[in-house]
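Below is one structure, written out as structure tokens, with a few remarks after it.
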Amino acid sequence: MGIAVVALHTMPGAFTTHSPASILSLRPDFTRINSRTNSVPNARTLQGVLRIPRLRSVRRLCQRIDDRVTEGNGPWVKDAMNNASQVLGDISVLGQAVSGNGGLNGSAAKTPPQRRKSSSVEDEAWELLQESMVYYCGSPVGTIAANDPNDSDPVNYDQVFIRDFIPSGIAFLLKGEYEIVRNFILHTLQLQSWEKTMDCHSPGQGLMPASFKVRTIPLDGDEDATEEVLDPDFGEAAIGRVAPVDSGLWWIILLRAYGKCSGDLSVQERIDVQTGMKMILKLCLADGFDMFPTLLVTDGSCMIDRRMGIHGHPLEIQALFYSALLCAREMLTQEDGSADLIRALNNRLIALSFHIREYYWLDMQKLNEIYRYKTEEYSYDAVNKFNIYPDQISPWLVEWIPPKGGYFIGNLQPAHMDFRFFSLGNLWSIVSSLATTHQSHAILDLIESKWSDLVAEMPLKICYPALENQEWKIITGSDPKNTPWSYHNGGSWPTLLWQLTVACIKMNRPELAAKAIEVAERRIATDKWPEYYDTKRARFIGKQSRLYQTWSIAGFLVAKLLIEKPDAARILWNDEDAEILNASSTNRKRGKKVLKKTYIV
């Protein structure tokens, strides 16, 4: 915890006493404020040494995340109290240094930051990441999506997105800066229970927001006082109004990484954290009409958050789901109330791993089998269980798939296989051990073999190939942002570099990741850290790409840190589970299904 932040935690009047029920000072009648007004400025680097969060000179009513402290969480508050007396003098001196700007975090208009020349690309990236930090009541709680000083209309890129913060959080963890990750985990947890309604309908409990924004609003009845509030978006303001299915899954993955990296297991052992984790799991494991163990979601419910034909059972969601289940199983406390949940979790892990490994896998041999499929098979022993028509095999795939290597297809539904290669889903299948060892190496073999298609001049294609012509019109609805080889439709996303690095390190092939990092390092800083690149070979900065995109910056930093210290990647990956492996082998050996005797009730 930085010196200034410690002092702010412990200064008299910084926080008010309140009951656990009012952890956040959010009111049910709170009205959304225009995203371009009343925003809290981001942290700026002061003298290159100490980050000072800007504070308004008027009183504000802030709420502490430690008001529901359970046993084992006390040292965080105690240390702040012990250190406060040592740092108050520093605060007064630094306060004078910035008094010309309205005081610490004064209400003066925010001026665009001056980008300093750094000694290296990595140094510049760290400076930019620090500048993107967002503060709530004096404590860092996340990083905004993009921090371009010349962008006059940030839309929602000035918010803290759950998925976007993951590489930022990992970068901070690897650097030993744990406070911001801890605050992020606990504050987003509190937002989980915030009332969320769209058109009179409320989604299930356990849903995590897509993003949140720190807003400063006046207190009722006191024109000289303000308070900071966290304003979450659960998808009701997003383009397409789609709930973020991946947010809760990423939250669980980050929670485990925080405990493994910091050694502070008290956070995951907290009652409220255990409860929040169970709510996410129950939401995902709820019974429905689906016959498959995969999660059924709508289009746009993950990183690809626009219409791209991934509705159904997209690979990205399944890989994150599998990883989150394994992470949660490690962290759930053993108690009577958890027994049924853990049993359901284990059953789902076994079924999901078999389903993905068996039915989503595609290599030259499997493609030839599909090419010879018989259709309309009605039996328990059908080979073509999903009634896939061989004519679905696109000509590009016949020429593209290499003799060595393979990948998991993007989606599987009755009579439909999405043969596109989706990078995040395949890479996280390696990281989570959803893919077998053989399949993991085959995926990396394919990336290496198809380097000119998937990496080219900037890693990494979000999917391959792009939807074009009539197919693009029908599937995307003629989306002008997802034109062929742009954005989600075959664009190249630098943030995917960190997932590639973790996967390569896990499979003991770091040289492949190092090669991709070298490609990115040649131009990403010169191009001002774009969100994505366009064209088949990623030659152009994306036509609507935001600059100084935080997860492009953080993804590069994580990749560099992990290449230097490969063992640190263990905080992110899941090892192969022997029980799941044995169960999958047993499922493959099963013979004809034996019908049970039925009864009329």
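No hydrogens, no waters, no symmetry mates; every other heavy atom, side chains included, goes into these values.
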Between [atom1] of [X] and [atom2] of [Y], what distance do you get to the nearest 0.5 Å?
X    : Y    : atom1 : atom2 : value
L283 : L295 : CG    : CG    : 9.0 Å
L562 : R570 : CG    : CZ    : 12.5 Å
L496 : L427 : CG    : CG    : 7.0 Å
I401 : L362 : CD1   : CG    : 4.0 Å

Taking the side chain from [X] and the backbone from [Y], do they hold a donor-acceptor pair closer than 3.5 Å?
X    : Y    : result
S449 : D445 : no
N411 : I310 : yes
Q392 : F419 : no
Q318 : T294 : no
S440 : T436 : yes

Can you label the angle between the [X] ring and the [Y] ring as parallel, tilted or perpendicular, going by 30° and 60°?
X    : Y    : result
Y464 : W396 : perpendicular
W498 : W428 : perpendicular
F408 : W361 : perpendicular
Y359 : F354 : perpendicular
F421 : W400 : tilted

Step through the shown structure and confirm whether more than 12 heavy atoms of other residues, nucleotides or ligands are within 6.0 Å of [atom1] on [X].
X    : atom1 : value
K528 : NZ    : no
K536 : NZ    : no
H438 : NE2   : no

Are the side chains of [Y] and [X] in contact, using a 4.5 Å heavy-atom criterion?
X    : Y    : value
L512 : W451 : yes
R256 : N574 : yes
L460 : V455 : yes

Side chains of [X] and [Y]: is there a donor and an acceptor less than 3.5 Å apart?
X    : Y    : value
Y533 : D527 : yes
Y157 : E531 : yes
H313 : D290 : yes
T483 : K543 : yes

### Task
Give the C-alpha distance, both sets of side-chain angles, the deciding distance and a yes or no for side-chain contact (heavy atoms from CB on, under 4.5 Å) between Q544 and Y532.
CA-CA 9 Å; Q544 296 188 43; Y532 64 93; 3.4 Å; yes
### Task
Starting from the C-alpha separation in whole Å, work towards a yes-or-no answer on side-chain contact (heavy atoms from CB on, under 4.5 Å) for S429 and L315.
CA-CA 9 Å; S429 294; L315 176 65; 4.0 Å; yes
### Message
Applying side-chain contact (heavy atoms from CB on, under 4.5 Å) to N426 and I447, what does each step give before you reach the verdict?
### Response
CA-CA 10 Å; N426 275 279; I447 292 174; over 6 Å; no
#### Entry: For the student: nearest non-hydrogen atoms of T550 and S168, plus distance
CG2-OG, 3.5 Å
### Message
Salt bridge or not between R357 and E576? Use side-chain N to carboxylate O under 4.0 Å.
### Response
yes
### Task
Could you give me the CA-CA distance, side-chain angles and deciding distance for D534 and W485, then say whether side-chain contact (heavy atoms from CB on, under 4.5 Å) is met?
CA-CA 6 Å; D534 284 355; W485 306 108; 5.9 Å; no
### Query
Do W493 and Y487 have ring centres separated by under 6.0 Å?
yes
